[in-house]
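Counting starts at 1 for both ligands and their atoms, following the listed order. In this chain, numbering begins with 1 at the start of the sequence shown.
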Amino acid sequence: MLTSIKDRAVVVTGASKGIGKGIARVFAAQGARVMVVARNADQAAATAAELGNGAASFAADVTDFRSLQAMARATADAFGGIDIVCANAGIFPQVKIEDMDPDDWDQVLGTNLKGTFLSVKACLTYLKKSDQGRVVLTSSITGPITGFPGWAHYGASKSGQLGFMRTACIELSKYGITINAVMPGNIVTEGLDGLGEDYLKTMAASIPLKRLGRVEDIGNAALFLASKEAGYITGQTIVVDGGQTVPESLEALEQA
Ligand code: NAP
């Protein structure tokens, strides 16, 4: 199962840590050649070295189209093409609407939403040449399904990714490229470090499976969507949240 990943060229944005690193690790373990993309060159290189299996790194900012174009060229030069793009880089600064500066909005939308578009666009020439062209977006439950104070801009960006995906699904299908999104719940990553123990404990208690997610939980879903076996799935989402979005109320959880 899923043998179709071996030797495939995979770009993972935001792969130096967190969910992206988990995705990169899962793909590398299946024999894929992974390009680790992040702004911090040293961290990206350290992650690529950890992954092994010929993984490489490139310092690029997903808000900067030129740096993404250079990254795509470097990936194609190193691996002979690009088969799979995991557009995962994202930020989630927490600030309530009353205190939100218009620039805060632009920064989050620019990274999470425009960055998704730019990452796909920069790799498109190469994806079109692949016989297994795949795009996997890291969206979120926050925005498309749920809300959380401080994340109005973030939620809008994560919903926006799904809007982008649905039109991209139609436009890219003529090249045999599929595009799908994973919607993580609360996943333990460095990005959650600032939110504190209380947040993590309360979150775990609100999840039917009673634990936060692991980065590999997202990596495994991305792996499936990128596989040959998932070739007839496009424009779709998979929620990976331990059941967090299912209970109607706290009571529904407590009664179980
Ligand atoms: P994280 O631990 O903070 O890692 C973020 C990664 O993205 C890092 O590699 C970072 O490296 C990179 N990055 C940030 N801005 C970038 C930019 N402008 N250009 C290129 N790379 C950039 O975050 P995470 O928790 O793994 O989140 C990753 C993705 O999952 C995000 O899209 C987030 O919305 C989504 N998500 C996370 C959770 C969760 O519970 N953690 C839940 C739902 C969805 P540099 O700083 O070096 O660039």
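- Within 6.0 Å of CG on D103 lie more than 12 heavy atoms contributed by other residues, nucleotides or ligands.
- Between F148 and Y199, the ring centre distance stays below 6.0 Å.
- Salt bridge status for R25 with E50: absent, with no side-chain N to carboxylate O gap under 4.0 Å.
- F117 is connected to I177 through a chain of hydrophobic side-chain contacts under 4.5 Å among Ile, Leu, Val, Met, Phe, Trp and Tyr, so both are in one cluster.
- Salt bridge annotation for R39-D64: absent, with no cationic side-chain nitrogen under 4.0 angstrom from a carboxylate oxygen.
- In this structure, K228 does not pair ionically with D83, as no charged nitrogen and carboxylate oxygen lie closer than 4.0 Å.
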Atom pairs, nitrogen or oxygen, ligand 1 to protein, under 3.5 angstrom:
| unit_1 | atom_1 | unit_2 | atom_2 | d |
| --- | --- | --- | --- | --- |
| ligand 1 | 2 (O) | G191 | N | 3.2 |
| ligand 1 | 9 (O) | G14 | O | 3.3 |
| ligand 1 | 9 (O) | S16 | N | 3.3 |
| ligand 1 | 9 (O) | S16 | OG | 2.6 |
| ligand 1 | 11 (O) | S16 | OG | 3.4 |
| ligand 1 | 15 (N) | R39 | NH2 | 3.2 |
| ligand 1 | 18 (N) | D61 | OD1 | 2.9 |
| ligand 1 | 19 (N) | V62 | N | 2.9 |
| ligand 1 | 25 (O) | T189 | OG1 | 2.7 |
| ligand 1 | 26 (O) | I19 | N | 2.7 |
| ligand 1 | 32 (O) | N88 | O | 2.8 |
| ligand 1 | 32 (O) | K158 | NZ | 2.9 |
| ligand 1 | 34 (O) | Y154 | OH | 2.6 |
| ligand 1 | 34 (O) | K158 | NZ | 3.0 |
| ligand 1 | 40 (O) | G185 | O | 3.4 |
| ligand 1 | 40 (O) | I187 | N | 2.8 |
| ligand 1 | 40 (O) | I187 | O | 3.3 |
| ligand 1 | 41 (N) | I187 | O | 3.3 |
| ligand 1 | 41 (N) | T189 | OG1 | 3.4 |
| ligand 1 | 46 (O) | R39 | NH2 | 3.0 |
| ligand 1 | 47 (O) | R39 | N | 3.4 |
| ligand 1 | 47 (O) | N40 | N | 2.9 |
| ligand 1 | 48 (O) | R39 | N | 2.8 |
| ligand 1 | 48 (O) | R39 | NE | 2.8 |

